[in-house]
Participant: 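Handing you this structure, nothing more for now.
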Amino acid sequence: MSRCIVAVLIKSAVFGSPVMSLECSLHRARPAHFVCYECGTSLCDECVSTRVSQGYGGKEKNYFCPACDSQVQLAGLGNVMVPFWHRLSSVFLYPFQLVPLILTAVLSLLAAVFPTNILVSLGVWVIMMKYAYAVLIETGRGSLNAPGVSVELINQDVMQVLKQYLVFALLGGSIGFVASHSVMAAIFLGVLAIACLPMILMLLVSTNSVLQALNPMLFVPIIFRIGWPYLLMYLFLAFFMAAPAAFFAYLPVEVIPPLLYAFVISFVSQCYTIMSYHLMGYVLLQYHDRIGYVVDYEFFIENQGGRAKRKPKSAEEDLKTGLSILVKNGKYREALDKLLPFVKQKDPDWELSEKFYQLLNMSGEQDKALRYSVRHFEVLVKNNRKKQATELFPKITASPTAPPAAGSVFAMAGWCEEMNDFKSALNGYVYFTKHFKNDPLLPEVYFKLAMLLHEKGRKSDKARQILRGIIKAFPGHDLTPKAMQYLKAVG
Ligand SMILES: [Zn+2]
Ligand SMILES: [Zn+2]
């Protein structure tokens, strides 16, 4: 096939591919791993809420939408994975990982040394097919590392490989049967079988059933559902096959010792088998939702590129993510409903209270915001949020609800002084004198007011008046002698 057609196919697979690129609703640059069909949110692996529950088979992880608390669906890993057409070189290098490299070298050596021993040839073939099948399954599960070789790998699940042989035998048998009637029909069937073979193998892994794998009503629609990328995968498989063929064509057969030649041929063809099965496994995973192949998301996440396990998120982090999504989508009402139980708690988190107050303002509920401002002010003071509390204070003076605690106003006015915001401090102390006429802190507040008026406000007359008021109203108070002294200093 010409280079031009390959380029067109790659282009159509990349740009016209039905593989959707779904982004996280909150992080636009990240692919979505889950979709919430309840509220239409797509979530990256960081945004999704993971909850562990005790199931029949041990601990179970379930995934929820932090915005609406509904269970979410996997978005399809094709949305998360690097498409196979961007991994050509990685697929090519796959058999050169340590384990498959040693295995192919040993098997090829055996095949080269005992070329006429049928038992050895059969053993080599069985082991290689068993390993290649393991590669397909392991890749299909989401691991890019080649599986290790063990006695179990060779012995276990022999049925799986037998089923594969059964598939080949049934395909070959039916072609042979057709050939006895019509050679043309047999050629046609043969071409069709070869074209569909990768999908048949992928279906075999997916369903574990020979009958289902060989059911054209199943594999033909899936091939069409995958579309152009299936053909592209086929081209890659052909390319991997063509590369060693070209290599052999240039091999100077007459100068190479026969043993080495047999070794190289066996080695290259085994590498090709491993590459092909790895590619099929990858395609199986990338299109798992179209093939109907059930994936283990946890295994995939842990093995794709060897990602480190993420720490489970706290309920508070989930809440914040959910709120951010709701706010981003303009769902202020839902965000307020979500926050309400938290701000009603005895000691609410000041950041959640701040968010609640902001959301009331953003949603146009100014009256409710004004009412809530007093409680929010108390939360801020209790949490020592000096800047936020002093900034909020002018609002609470207009609130129709009962004033905050006297101690909170006193503390806030003191913070204003610390921050050299004397005007606000003055307002705070004046507010105090108006609202807390019987509070034990009142003489101290008056004294601070007098000091501010004299030192910062240049209103010494007013300061004198207040100091005289303190001396007269609180004759036995500890502060009175101090007030007398200060009055003298003011002059
Ligand atoms: Zn949702
Ligand atoms: Zn996200």
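Worth knowing before you read on, the calculation uses all heavy atoms, side chains too, and leaves out hydrogens, waters and symmetry mates. All of these numbers come straight from a predicted model, not from anything done at the bench.
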Participant: If the threshold is 4.0 Å, N to carboxylate O, is there a salt bridge linking Lys320 and Glu316?
Facilitator: yes
Participant: Test side-chain contact (heavy atoms from CB on, under 4.5 Å) on Arg141 and Val295 and set out the steps.
Facilitator: CA-CA 6 Å; Arg141 290 179 72 204; Val295 289; over 6 Å; no
Participant: Determine, for Glu354 against Arg385, whether the closest basic-nitrogen to carboxylate-oxygen distance falls under 4.0 angstrom.
Facilitator: no
Participant: Could you tell me whether Lys382 atom NZ has more than 12 heavy atoms of other residues or ligands within 6.0 Å of it?
Facilitator: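 Open: at most 12 neighbouring heavy atoms sit under 6.0 Å from NZ of Lys382.
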Participant: Apply side-chain contact (heavy atoms from CB on, under 4.5 Å) to residues Ser373 and Leu392 and explain how you reach the verdict.
Facilitator: CA-CA 7 Å; Ser373 63; Leu392 183 65; 4.3 Å; yes
Participant: Using a 3.5 Å distance criterion without hydrogens, assess whether the side chain of Ser25 forms a donor-acceptor pair with backbone atoms of Ser42.
Facilitator: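 Confirmed, Ser25 side chain pairs with Ser42 backbone.
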Participant: Could you check Lys456 against Glu417 for salt bridge (charged side-chain N to carboxylate O under 4.0 Å, His left out), going step by step and ending with a plain yes or no?
Facilitator: CA-CA 11 Å; Lys456 309 292 176 191; Glu417 280 195 77; over 6 Å; no
Participant: If only atom types and distance count, is the side chain of Glu444 paired as donor or acceptor with the main-chain N or O of Leu441 below 3.5 Å?
Facilitator: no
Participant: Any chance you could measure Leu479, atom CG, to Leu467, atom CG, to the nearest 0.5 Å?
Facilitator: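 If we round to the nearest 0.5 Å, Leu479:CG and Leu467:CG are 10.0 Å apart.
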Participant: Do the ring centers of Tyr287 and Tyr293 come within less than 6.0 Å of each other?
Facilitator: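 No: the rings miss the under 6.0 Å criterion.
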Participant: Charged N to carboxylate O under 4.0 angstrom, Asp367 versus Arg371?
Facilitator: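 Here Asp367 does not pair with Arg371 in a salt bridge, since their nearest N and O are not under 4.0 Å apart.
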Participant: Taking C-beta and beyond as the side chain, do Pro95 and Thr104 meet within less than 4.5 Å on heavy atoms?
Facilitator: no
Participant: Nearest 0.5 Å, please: how far is CG in Leu336 from CG in Leu340?
Facilitator: 8.0 Å
Participant: Quick one: sort the Tyr357 and His376 rings into parallel, tilted or perpendicular, breaks at 30° and 60°.
Facilitator: parallel
Participant: Which value, rounded to the nearest 0.5 Å, describes the distance between Gln73 atom CD and Glu38 atom CD?
Facilitator: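 With rounding to 0.5 Å, CD (Gln73) is 11.0 Å from CD (Glu38).
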Participant: Are Glu46 and Arg30 ion-paired here, with the side-chain N under 4.0 Å from a carboxylate O?
Facilitator: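 Salt bridge flag = yes for Arg30 with Glu46.
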Participant: Does Met202 reach the side chain of Met199, with side-chain heavy atoms less than 4.5 Å apart?
Facilitator: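 Sidechains of Met199 and Met202: in contact.
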Participant: Hey, are the side chains of Val205 and Tyr133 touching, using non-hydrogen atoms and a 4.5 Å cut-off?
Facilitator: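 Result yes, sub-4.5 Å side-chain heavy-atom pair found.
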Participant: For Asp421 and Cys416, indicate whether the former's side chain and the latter's backbone hold a donor-acceptor pair under 3.5 Å.
Facilitator: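 No; zero donor-acceptor contacts below 3.5 Å.
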Participant: Counting neighbours of CZ on Phe239 that are heavy atoms of other residues, nucleotides or ligands and sit closer than 6.0 Å, is the number greater than 12?
Facilitator: no
Participant: Would you say the side-chain atoms of Gln212 pair up with the backbone N or O of Leu218, donor to acceptor, closer than 3.5 Å?
Facilitator: no
Participant: For Pro404, is there any backbone N or O sitting under 3.5 Å from a side-chain donor or acceptor partner on Ser408?
Facilitator: no
Participant: How close do Leu201 and Leu136 get, heavy atom to heavy atom, and via which atoms?
Facilitator: O-CD2, 4.5 Å
Participant: If the threshold is 4.0 Å, N to carboxylate O, is there a salt bridge linking Glu334 and Lys331?
Facilitator: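 The answer is no: the pair does not qualify as a salt bridge.
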Participant: Please find out if less than 6.0 Å separates the ring center of Tyr486 from that of Phe447.
Facilitator: yes
Participant: Kindly determine whether Glu391 and Lys387 satisfy salt bridge (charged side-chain N to carboxylate O under 4.0 Å, His left out), including the steps that lead there.
Facilitator: CA-CA 6 Å; Glu391 280 171 5; Lys387 195 170 174 290; 2.9 Å; yes
Participant: Go through the steps to decide whether Phe236 and Phe84 satisfy the test side-chain contact (heavy atoms from CB on, under 4.5 Å), and finish with yes or no.
Facilitator: CA-CA 10 Å; Phe236 282 1; Phe84 72 85; 3.9 Å; yes
Participant: Might you point out which heavy atoms bring Ile470 and Ala483 nearest each other, and give the distance in Å?
Facilitator: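 Closest approach of Ile470 to Ala483, heavy atoms only: CG2-CB, 4.3 Å.
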Participant: Would a 4.5 Å heavy-atom cut-off, applied to side chains only, mark Val381 and Trp415 as touching?
Facilitator: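 Yes; the side chains approach each other to less than 4.5 Å.
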Participant: Are any of the side-chain heavy atoms of Asp45 and Val80 separated by less than 4.5 Å?
Facilitator: no
Participant: For the residue pair Tyr372 / Ser353, report whether a side-chain donor-acceptor contact shorter than 3.5 Å exists.
Facilitator: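 Note: Ser353 and Tyr372 side chains meet the donor-acceptor criterion.
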Participant: Decide yes or no for Phe342 and Asp349: does some side-chain heavy atom of the first lie under 4.5 Å from some side-chain heavy atom of the second?
Facilitator: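 No, their side chains stay 4.5 Å or more apart.
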Participant: Would you name the heavy atoms of Ala425 and Leu452 that are closest together and state the gap between them?
Facilitator: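 Shortest heavy-atom separation between Ala425 and Leu452 comes out as CB-CD1, 3.9 Å.
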Participant: State the SG-OH distance between Cys196 and Tyr230, to the nearest 0.5 angstrom.
Facilitator: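 Answer for the SG-OH pair, Cys196 versus Tyr230, is 5.5 Å.
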Participant: Is the number of heavy atoms from other residues, nucleotides or ligands under 6.0 Å of Met484 CE greater than 12?
Facilitator: no
Participant: Would you say that Pro147 contacts Tyr131 through its side chain, given a criterion of any heavy-atom pair below 4.5 Å between the two side chains?
Facilitator: yes
Participant: When you measure from the side chain of Ser276 to the backbone of Tyr272, do you find a donor-acceptor pair of N or O atoms at a distance under 3.5 Å?
Facilitator: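 Yes, because the side chain of Ser276 sits within donor-acceptor range (under 3.5 Å) of the backbone of Tyr272.
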Participant: Please check: side-chain N/O of Thr139 versus main-chain N/O of Val135, any donor-acceptor pairing under 3.5 Å?
Facilitator: yes
Participant: Rounded to the nearest 0.5 Å, what separates atom OG1 in Thr397 from atom CZ in Phe377?
Facilitator: 10.5 Å
Participant: Should Asp69 and Arg51 count as an ion pair when the cut-off is N to O under 4.0 Å?
Facilitator: yes
Participant: Which is it for Gln270 and Thr273 under the side-chain hydrogen bond (donor to acceptor under 3.5 Å, both in side chains) test, yes or no, and what are the steps along the way?
Facilitator: CA-CA 5 Å; Gln270 285 181 27; Thr273 307; over 6 Å; no
Participant: Determine the minimum heavy-atom distance between Ala75 and Asp289, stating which atoms define it.
Facilitator: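 Smallest heavy-atom distance, with atoms named: O-OD2, 4.5 Å.
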Participant: After noting the C-alpha distance and the side-chain angles of Met233 and Leu279, does the key distance pass the side-chain contact (heavy atoms from CB on, under 4.5 Å) rule?
Facilitator: CA-CA 8 Å; Met233 173 193 71; Leu279 181 60; 3.9 Å; yes
Participant: Could you give the distance from CG (Leu487) to CD (Gln485), rounded to the nearest 0.5 Å?
Facilitator: 11.0 Å
Participant: Report, as yes or no, whether the 6.0 Å neighbourhood of atom NZ on Lys423 holds more than 12 heavy atoms from other residues, nucleotides or ligands.
Facilitator: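 Check fails, neighbour count at 12 or below.
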Participant: Does Pro198 reach the side chain of Leu237, with side-chain heavy atoms less than 4.5 Å apart?
Facilitator: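 Result yes, sub-4.5 Å side-chain heavy-atom pair found.
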Participant: Backbone N or O of Val430 within a donor-acceptor pair of the Thr433 side chain at under 3.5 Å?
Facilitator: yes
Participant: Under 3.5 Å, is there a donor-acceptor pair between the side chain of His435 and the main chain of Tyr431?
Facilitator: yes
Participant: Using modelled atom types and a 3.5 Å cut-off, is there a donor and acceptor pairing between side-chain atoms of Lys61 and backbone atoms of Thr50?
Facilitator: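 Looks like no, no N/O pair under 3.5 Å.
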Participant: Could you tell me which non-hydrogen atom of Cys65 sits nearest to which non-hydrogen atom of Leu43, and how far apart they are?
Facilitator: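 Taking Cys65 first and Leu43 second, the nearest heavy atoms are CA-CD1, 4.0 Å.
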Participant: If you look at every heavy atom in Asp439 and Ala406, which pair is closest and at what distance?
Facilitator: OD2-CB, 3.3 Å
